[in-house]
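Worksheet: one structure, shown below.
Atoms within a ligand are numbered from 1 in the order they appear, just like the ligands themselves. Hydrogens, waters and symmetry mates are skipped; everything else that's a heavy atom, side chains included, is used.
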Amino acid sequence: MKKVLITGFEPFGGETINPSWEAVKALPDQIDGTIIKKLSLPVVFGKSGDMLISAINTEKPHAVICVGQAGGKASINVERIAINVDDTKTPDNEGNTPIDQPIRDGAPVAYFATLPVKSIVANLIKAHIPATISNTAGTYVCNHVMYAALHHASRHHPTFQAGFIHIPYLPAQVLEKPATPSMSLDNVVKALEIIIRSTI
Ligand code: PCA
């Protein structure tokens, strides 16, 4: 049986929820005969990547799909690339603010996602869910986790597919920010199901 490991994040930056974990935990435990394993990651450099890699080693999934909040985005952003740097002025949930720090010393500067990013975007748009390819996952914890997964894949499990999906705020997070876009939980969950089906 095929297995997909899908991750969300705990809240950060003063929010009380993170839409990524809200959507991931709402997914069914199986989709088209594929087992869906769900994991919540801390918004902490280092620890987040270590937790993900230990789950990959335990679960031995066929694909790893990591999901995170990108507040202010209006569409599902399918990340194309992860870069080998942690760089932030915004502290993570344990107060770390790495500057210009390689994620893995001496490792490649970047990895492309190995999810089928173009067909994922096409399938989302076909289902009337706003979606686009993004060419930067930033230099905060989401990029860190994406890089850690792809580096691990390239070294140890060359056949598992991995990538990252950034999602907008949920409506509940923008009630007092009228100019900020959001996407309903139903639509985000539907999007994740389409992303899983497009991958397996
Ligand atoms: N978004 C952050 C980290 C956790 C999350 O949900 C990011 O874009 O890096």
Does any N or O of ligand 1 fall below 3.5 Å from an N or O anywhere on [X], backbone included?
{"X": "N18", "result": "yes"}
{"X": "H166", "result": "yes"}
{"X": "Q69", "result": "yes"}

**OP:** Take atom NZ of K3 as the centre, draw a 6.0 Å sphere, and report whether it contains more than 12 heavy atoms from other residues, nucleotides or ligands.
**Re:** yes
**OP:** Assess whether atom NZ of K177 is packed by more than 12 heavy atoms of other residues, nucleotides or ligands within 6.0 Å.
**Re:** yes
Original post:
Starting from atom 2 (C) of ligand 1, which protein heavy atom do you reach first, and at what distance in Å?
Top reply: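 Here the nearest protein heavy atom works out to C142 SG, 3.0 Å.
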Original post:
By number and element, which atoms of ligand 1 are closer than 4.0 Å to a non-hydrogen atom of G68?
Top reply: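 Numbered from 1, ligand 1 contributes 6 (O).
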Subject >> Subset of ligand 1 atoms that lie under 4.0 Å from at least one heavy atom of V141 >> reply: 9 (O)
List the atom pairs, donor and acceptor, that lie under 3.5 Å between side-chain atoms in residues 47-54 and the rest of the protein, sequence neighbours left out.
from	atom 1	to	atom 2	distance (Å)
K47	NZ	E94	OE2	2.4
S48	OG	V44	O	2.7

**OP:** Given side chain to side chain contact (heavy atoms under 4.5 Å, CB included), test M183 with I167 step by step and report yes or no.
**Re:** CA-CA 8 Å; M183 191 178 279; I167 62 171; over 6 Å; no
**OP:** Kindly say whether P91 contributes a backbone atom to a donor-acceptor pair with the side chain of Y140 at under 3.5 angstrom?
**Re:**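 Pair found, side chain donor or acceptor close to backbone of P91.
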